[in-house]
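One structure is given below, encoded as structure tokens.
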Number of protein chains: 2
Amino acid sequence: MALPSDPAPAKRTRRSPDALRTQILDAASELFLREGYANTSIDAVIERVGGSKRAIYSHFGGKEDLFAAMVAGLSEQALEAIPEANERAEEDVRASLVDFARAIMRILMDPRTIALYRLVVSESGRMPGLAESFLRYGPGRATSGLTRLLERWANSGLLDVHDPKQAAEHFIGMLRDDSHLEVVLGVRKPLGERAQRSRVERVVHIFLDGVAVK
Amino acid sequence: MALPSDPAPAKRTRRSPDALRTQILDAASELFLREGYANTSIDAVIERVGGSKRAIYSHFGGKEDLFAAMVAGLSEQALEAIPEANERAEEDVRASLVDFARAIMRILMDPRTIALYRLVVSESGRMPGLAESFLRYGPGRATSGLTRLLERWANSGLLDVHDPKQAAEHFIGMLRDDSHLEVVLGVRKPLGERAQRSRVERVVHIFLDGVAVK
DNA sequence: GTCTATATTGCGATAGAC
DNA sequence: GTCTATCGCAATATAGAC
């Protein structure tokens, strides 16, 4: 994201506190995601950013807090890609669901998201509060976004859902199935564009129409 | 848990090799699941079982191999609870799916399975092969079991599924949704019997009938 | 046991914003 | 000029490796 501290830390112009904060977060994200929590040192982060370790402590409080800030930031950032409920949604339920599912699928298969997921599962036992903020900024936003869509369609009589939140969770669960787990566990590469599309079609079809022969 | 060691023709002093192996696995499971991989020492395992460290190395090879054996064993053991495809399946698709889903749901919400899942996600990066055996003995068996059921129903013209394996993955994904993730991350307790039933009903309903208004 | 790595803190110096 | 954030460096603490 931010500019790499070019040849040398520019003497003339000073970074804004905000820029420093962002640069620290970017460097920390990269290292945490690649090396894991324990294998990433404060020194390694600061080495990439320049300046003093003090900056991290005054901005974030400590290593755990830096990690937590990174998790929240990345979760939020990832979810920016989901389409907002818009007017078109009212018109074509199926197409809107496909749009939504594609966005979620892309996020789920993004290597950064995968690494983040692994990291959160690994470290949430040790860090109370980490899981909450991850869920709130990440998966929770996806679910609540879809929940609102389902509610609207249910109110319009287009869908028959009694518990929109639960239905949203099930829908997203279909997207985060074994194929996702296999990627998380590193036994297969993330699905490509084509496979993603194909799975999204099936999921939307099952969700809307079911598989029972009528 | 596994083989009962009572009827073993154990001499006064010596356990059968098989019983020793089982006892080591049981002790290791408990410690690994509760304390994690790094926080469990070979000494701690041996302390519970008695005997010498040598036993672990001759039976399993080393700490990682013991861990891998435990993961494979627990995965396999957990999956024993899923109902085999039987004759009744042919009769009532819906009831059979509910049975199947209930079994899977119970497994997913079992604290041991939850701990195992966390552990596998945490350690699979470090241990090549761990993820494969976990998937093969655990989730893979669930998926393949359901896949066979779906194939039969599809062949009988009861269901309209073109890719039974993918459909099975989506079905199980609905059961392993955000509510499961929240339990894995420790932000909520496992769903109780009642909530499990309720979710299973919804999942089967969505899967068979869909939510679109006809 | 020693020793190394690393998280954390203390504090005077300094550079830029105002 | 003052003021604040940051820097640079050093010191402390501690957990884990060996």
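Note on naming: letters A, B, ... go to the chains in the order of the sequence lines (proteins, then strands), and numbering restarts at 1 for each one. This is a predicted model, so every value here is computed, not measured.
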- Let me know the distance between NE2 of H59(A) and P of dC7(D), rounded to the nearest Å. 8 Å
- Query: Is Q196(A) reaching over with its side chain to a backbone N or O of L191(A), donor-acceptor style, under 3.5 angstrom?
  - Reply: yes
- Note on the structure: Rounded to the nearest 0.5 Å, the CG atom of L119(A) sits from the CG atom of L33(A) at a distance of 6.0 Å
- Item | Spacing between D43(A) atom CG and dA7(C) atom C1', to the nearest angstrom | 9 Å
- When you measure from every atom of DNA chain C, which of residues 62-69 of chain A have a heavy atom less than 4.0 Å away? G62(A), K63(A)
- Scan residues 56-77 of chain A for pairs that pass ring-ring contact (aromatic ring centres under 6.0 Å, His included), counting only residues two or more places apart or in two chains. F32(A)-F67(A), Y37(A)-F67(A)
- Query: Which pairs, with at least one residue in residues 167-176 of chain B and sequence neighbours excluded, count as a salt bridge (Lys or Arg N to Asp or Glu O under 4.0 Å)?
  - Reply: D178(A)-R176(B), R199(A)-E169(B), K165(B)-E169(B)
- Task: Could you check how far CD of Q23(A) sits from P of dT6(D), rounded to whole Å?
- Result: 11 Å
- Message: Can you list everything that forms a side-chain hydrogen bond (donor to acceptor under 3.5 Å, both in side chains) with R126(A)? Sequence neighbours excluded, please.
- Response: E123(A)
- Ignoring hydrogens and angles, are the base of dG10(C) and the side chain of R54(A) linked by a donor-acceptor pair under 3.5 Å? yes
- Message: For S58(A) and N39(B), find the nucleotide of DNA chain D closest to each by heavy atoms; which residue's nucleotide sits nearer the 5' end?
- Response: S58(A)
- Item | Residue I42(A), side-chain heavy atoms: nucleotide from dT6(D), dA7(C), dC7(D) that is nearest | dA7(C)
- Note on the structure: Taken to the nearest whole Å, NZ/K53(A) to C1'/dG10(C) is 12 Å
When the side chains of residues 134-142 of chain B are checked against the rest of the protein, which donor-acceptor pairs come out under 3.5 Å, sequence neighbours left out?
none

- Query: Just how far, in rounded Å, is C1' of dA15(C) from CG of L20(A)?
  - Reply: 15 Å
- Taking only residues at least two apart or on different chains, which pairs with a member in residues 32-44 of chain A satisfy salt bridge (Lys or Arg N to Asp or Glu O under 4.0 Å)? E30(A)-R34(A), D43(A)-K53(A)
- Between R21(A) (CZ) and dT6(D) (P), how many Å, whole number? 11 Å
- Message: Please compare S52(A) and Y37(A) by the position of their nearest nucleotide in DNA chain C and report the one closer to 5'.
- Response: Y37(A)
- I24(A) CD1 to dT6(D) C1', straight-line distance once rounded to whole Å: 10 Å
- Item | Distance, rounded to the nearest Å, where Y57(A) contributes OH and dA10(D) contributes P | 18 Å
